[in-house]
K.L.:
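Structure incoming, see below.
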Amino acid sequence: MAKRAEKGRQKIEMKLIECEKARVVACSKRKKALLEYAEKLSTRTGAEVGVMLFTTGGKPCSYASTSIDEIADKFFKVKLEDRQRDLDEGKSDLFEVFEELQKETQALEAREKQRTLMYKIMHSGSEIPPNKQMNEQTLAIEMQKEQLKKEIRSAILAELLKIDLNVAPDPEEDESS
């Protein structure tokens, strides 16, 4: 015997609704439910709740238990502090390596000055020959430092350009529901 299709709630596959009209209706209903749930959450728990979204038509819509601006400012302040702390903790690796290379460069420069001074004392009036080995070491360190600078720049840019999905709309466009 074949199974009959059951009535009532059925599981809906999570994918983009193809019909634009149906998509707009679903967005409207789900938006209303989401904002009601946010209000209940705020009322029952006392939490500061802020929800911002853009409808399929591009209209901004928001709900906030206090002020959406205050919640967004507080959120971004905490987020910025977290990122700064993460950067401070994560920077140590690249920056420590860079500082070690910087110290090596300074040590090589000090040895070169000492070598130059000793040569001038021992062979006054004659031209100081270049130290090929020291020049090669200095060049290698400079290349490593340049590579580290690129990595540090990339890490900083990646951190600054992180896309945050919790972006507040302009206050003029804010349409509370």
Side-chain angles (χ1 to χ4, degrees), residues 8-109 140-177:
R9 283 191 153 185
Q10 295 180 5
K11 189 170 186 171
I12 299 172
E13 183 182 346
M14 284 296 162
K15 64 177 186 174
L16 181 67
I17 300 171
E18 305 219 356
C19 176
E20 189 174 339
K21 188 175 181 180
R23 189 171 37 233
V24 170
V25 170
C27 178
S28 177
K29 288 180 180 179
R30 289 179 185 260
K31 174 186 76 170
K32 183 179 178 190
L34 174 67
L35 297 178
E36 286 174 357
Y37 186 77
E39 185 178 11
K40 284 180 189 176
L41 179 65
S42 172
T43 304
R44 291 182 180 166
T45 64
E48 288 184 69
V49 178
V51 177
M52 296 180 281
L53 64 98
F54 288 90
T55 64
T56 53
K59 275 185 148 182
C61 188
S62 67
Y63 164 80
S65 57
T66 55
S67 161
I68 199 72
D69 292 330
E70 290 175 13
I71 292 173
D73 288 343
K74 186 175 183 179
F75 175 82
F76 287 124
K77 180 182 175 192
V78 170
K79 190 85 165 168
L80 185 64
E81 289 169 356
D82 287 348
R83 284 186 181 170
Q84 188 61 44
R85 187 182 64 246
D86 291 346
L87 268 178
D88 290 343
E89 290 171 1
K91 80 172 187 181
S92 60
D93 296 338
L94 290 175
F95 285 107
E96 283 178 11
V97 172
F98 187 79
E99 287 171 4
E100 288 173 16
L101 288 174
Q102 195 71 14
K103 288 176 184 176
E104 279 185 50
T105 302
Q106 290 172 350
L108 281 173
E109 289 171 353
I141 290 174
E142 290 301 320
M143 288 174 60
Q144 287 177 335
K145 284 174 31 180
E146 286 302 314
Q147 182 64 33
L148 273 174
K149 283 181 188 177
K150 288 178 186 176
E151 289 178 25
I152 290 170
R153 279 190 209 112
S154 296
I156 291 171
L157 281 176
E159 191 61 33
L160 292 175
L161 296 177
K162 276 188 178 174
I163 297 175
D164 195 338
L165 298 177
N166 300 313
V167 177
D170 292 334
E172 304 87 46
E173 300 173 7
D174 192 8
E175 178 187 305
S176 297
S177 295

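As a basis for the values below, the full set of heavy atoms in this structure was taken, side chains included, without hydrogen atoms, waters or symmetry mates. Residues take their numbers from the sequence shown, with the count starting at 1.
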K.L.:
Could you pull out the closest heavy-atom pair between Leu34 and Leu53, with the gap in Å?
P.N.:
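So the minimum-distance heavy-atom pair works out to CD2-CD2, 3.8 Å.
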
K.L.:
Any ion pair linking Glu100 and Lys103 (charged N to carboxylate O, less than 4.0 Å)?
P.N.:
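A salt bridge is absent here (no side-chain N lies under 4.0 Å from a carboxylate O).
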
K.L.:
Distance check, rounded to the nearest 0.5 Å: Gln144 atom CD versus Glu142 atom CD?
P.N.:
10.0 Å

K.L.:
Do the non-hydrogen side-chain atoms of Gln102 and Gln106 ever get within less than 4.5 Å of each other?
P.N.:
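Gln102 vs Gln106: side chains touch.
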
K.L.:
Give a yes or no on whether the backbone of Val24 and the side-chain of Ser28 come within a donor-acceptor separation of less than 3.5 Å.
P.N.:
no

K.L.:
Does Ile71 reach the side chain of Ser65, with side-chain heavy atoms less than 4.5 Å apart?
P.N.:
yes

K.L.:
In this structure, are over 12 heavy atoms from other groups packed under 6.0 Å from Arg23 atom CZ?
P.N.:
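Yes - once you tally the heavy atoms of other residues, nucleotides and ligands closer than 6.0 Å, there are more than 12.
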
K.L.:
Give, for atom OG1 of Thr66 and atom NZ of Lys74, the distance between the pair rounded to the nearest 0.5 Å.
P.N.:
8.0 Å

K.L.:
Taking atom OG of Ser42 and atom OH of Tyr37, what is their separation to the nearest 0.5 Å?
P.N.:
12.0 Å

K.L.:
Mind listing the closest non-hydrogen atom pair of Tyr63 and Ile68 along with its distance?
P.N.:
O-CD1, 3.7 Å

K.L.:
State the CD-CZ distance between Glu39 and Arg44, to the nearest 0.5 angstrom.
P.N.:
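Rounded to the nearest 0.5 Å, the CD-CZ separation comes to 10.5 Å.
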
K.L.:
For the CE atom of Met14 and the CD1 atom of Ile17, what is their distance to the nearest 0.5 Å?
P.N.:
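It is 8.5 Å, given to the nearest 0.5 Å.
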
